[in-house]
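Here is the structure we will look at.
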Amino acid sequence: MTATYDVAAIGNAIVDVIAPAEEGFLHSESLVKGSMQLIDEARGVELYGRMAPGMETSGGSAGNTIAGIASLGGRAAYLGKVAPDQLGDVFAHDMRAIGVHFATAPLVGGPATARCLINVTPDGQRTMCTYLGASTELTPEDVPTDLIEQSAIVYLEGYLFDPSDARRAFAKAAGIAHSSNRLIGITLSDSFVVERHRGELMGFIEGQADIVFANEDEVKALFQTDDFEIAAAKLGAITNIAAITRGEQGSLILAGANSHRIPADHVDKVVDTTGAGDQYAAGVLFGLAKGLSFDVCGQLGSMAAAEVIGHYGPRPEKNLRDLAIAKGLLK
């Protein structure tokens, strides 16, 4: 069956607040540099009041990836829960304005739309504090059968392994996808997610996932080893396709017995690493949906990641399709 969408993603619908910060600010606020920690609404209000002036943009890991796919010219859909409030309206408008199908019913009578407070140090590293709010209220009823059946790849955000209803939504999506001969991809999202849900994640990867995205720290945390090559080989052995990012060292794509080492694209100055992994996934997923080679998929991922770390914000500012055509990756 021909797919209506190249990729449909399920994730936490979050509005990002991004601001510059000095190392001392992280220390004074007891924030672990480069980490993501969950906070409640009260802590969110307190921290927001102490942050430097910044920018607000619709985000969420899978939402950022879908924005990248749309920028590459892909046909994209998104499932995520917002509240009927100002930030929820902003999120929905932003997704639809870039051509993404977004029709999840808003949450009525529950918590506010999620937001992520991101402090970016001078080296470009981002430290995230996230109030999940309405985003955790996604349920299996929010997963339409026809949308999953019409999507070549269904991409799942590991952060949603925290709420049990969202995990059941994942299971529903995976079941529909596989019965329709569609592919299931998942990103591990964060080392802390891996530590909290290692057993459940491992079970999902072995039993449901066709494509797994991780960074170096996440894959080592998953297999509880400090040896990257061992961890990567173990991941490659339990899934069809593993795509692992390594920052300046580029990335590694494993597919069966084949491995593809992809160099990182050069960036004159790293401004903000927010969204780097999300945009890498966008390039790879777009390439896979279009039947491109693994090397080209990886190069699209490196290109998209390089674009987004050159400016503040987790979504592309330049048209990724134009960049890919200029580099000879797309026609």
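Note that the numbering runs from 1 along the sequence shown for the chain.
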Tyr155 with Ile148, same ILVMFWY side-chain cluster at under 4.5 Å | no

Those residues that, when tested against Tyr159, pass ring-ring contact (aromatic ring centres under 6.0 Å, His included) (two or more places apart) | none

For Cys116 and Thr130 the tightest heavy-atom approach is SG-OG1, 3.3 Å

Which residues satisfy the salt bridge (Lys or Arg N to Asp or Glu O under 4.0 Å) test with Glu206, sequence neighbours excluded?
-> none

Could you check Leu107 against Val82 for side chain to side chain contact (heavy atoms under 4.5 Å, CB included), going step by step and ending with a plain yes or no?
-> CA-CA 6 Å; Leu107 176 70; Val82 297; over 6 Å; no

Check the surroundings of atom OH in Tyr48: do more than 12 heavy atoms from other residues, nucleotides or ligands lie under 6.0 Å from it?
-> no

In terms of the angle between their ring planes, are Phe102 and Phe91 parallel, tilted or perpendicular, with boundaries placed at 30° and 60°?
-> perpendicular

Heavy-atom side-chain contact between Arg167 and Phe204 under 4.5 Å = no

List in chain and number order the residues that pass salt bridge (Lys or Arg N to Asp or Glu O under 4.0 Å) with Glu46, two or more places apart in sequence or in another chain; answer none if no residue qualifies.
-> Arg43, Arg50

What distance do Phe213 atom CZ and Ile241 atom CD1 have between them, rounded to the nearest 0.5 Å?
-> 8.0 Å

Shortest non-hydrogen pair, Thr104 vs Leu79, comes out as OG1-CA, 3.5 Å

May I have the step-by-step check of side-chain hydrogen bond (donor to acceptor under 3.5 Å, both in side chains) for Asn215 and Glu218, ending in yes or no?
-> CA-CA 5 Å; Asn215 65 26; Glu218 292 157 5; 3.2 Å; yes

Chi angles and distances behind the side chain to side chain contact (heavy atoms under 4.5 Å, CB included) call for Arg115, Leu87 | CA-CA 8 Å; Arg115 69 286 316 264; Leu87 289 182; 3.4 Å; yes

Taking atom CD of Glu23 as the centre, report whether more than 12 heavy atoms of other residues, nucleotides or ligands fall under 6.0 Å from it.
-> yes

Charged N to carboxylate O under 4.0 angstrom, Arg315 versus Asp94?
-> no

Mind running side-chain hydrogen bond (donor to acceptor under 3.5 Å, both in side chains) on Asp272 and Thr274 for me, showing each step along the way?
-> CA-CA 5 Å; Asp272 172 18; Thr274 307; 2.6 Å; yes

Do Ile186 and Glu157 have side chains that get closer than 4.5 Å, going by heavy atoms?
-> no

Asp322: side chain to side chain contact (heavy atoms under 4.5 Å, CB included) partners, not counting sequence neighbours = Asn319

Please confirm whether Tyr5 and His101 have ring centers closer than 6.0 angstrom.
-> yes

Given side chains that start at C-beta, do those of Val90 and Thr57 come closer than 4.5 Å, heavy atoms only?
-> no

Excluding sequence neighbours, so at least two apart, what forms side chain to side chain contact (heavy atoms under 4.5 Å, CB included) with Gln37?
-> Leu31, Ile39, Cys129

Side-chain heavy-atom pair Met303, Leu320 within 4.5 angstrom cut-off | yes

Classify the angle between the aromatic ring planes of His260 and Phe294 as parallel (below 30°), tilted (30 to 60°) or perpendicular (above 60°).
-> tilted

Side chain to side chain, Ile153 and Asp6, heavy atoms closer than 4.5 Å | no

How long is the span from the CG atom in Asp123 to the OG1 atom in Thr273, to the nearest 0.5 Å?
-> 8.0 Å

Does some side-chain heavy atom of Lys81 sit less than 4.5 Å from a side-chain heavy atom of Pro106?
-> no

Determine which pairs satisfy ring-ring contact (aromatic ring centres under 6.0 Å, His included) with at least one residue from residues 263-282, sequence neighbours left out, and list them in order.
-> none

Contact summary for Arg182 and Ala3, nearest pair of heavy atoms = NH2-CA, 3.7 Å

Please examine the side chains of Lys33 and Gln125, heavy atoms only from C-beta on, and report whether any two atoms are closer than 4.5 Å.
-> yes

Answer yes when Arg261 and Glu229 have at least one side-chain N-carboxylate O distance shorter than 4.0 Å, and no when they do not.
-> yes

Taking the side chain as every heavy atom from C-beta outward, state whether Leu288 and Leu183 have any atom pair closer than 4.5 Å.
-> no

Residue Asp226 excluded, over 12 heavy atoms near CG under 6.0 Å | no

About how many Å separate CD of Gln150 and OG1 of Thr145, when rounded to the nearest 0.5 Å?
-> 10.5 Å

Any ion pair linking Asp162 and Arg196 (charged N to carboxylate O, less than 4.0 Å)?
-> yes

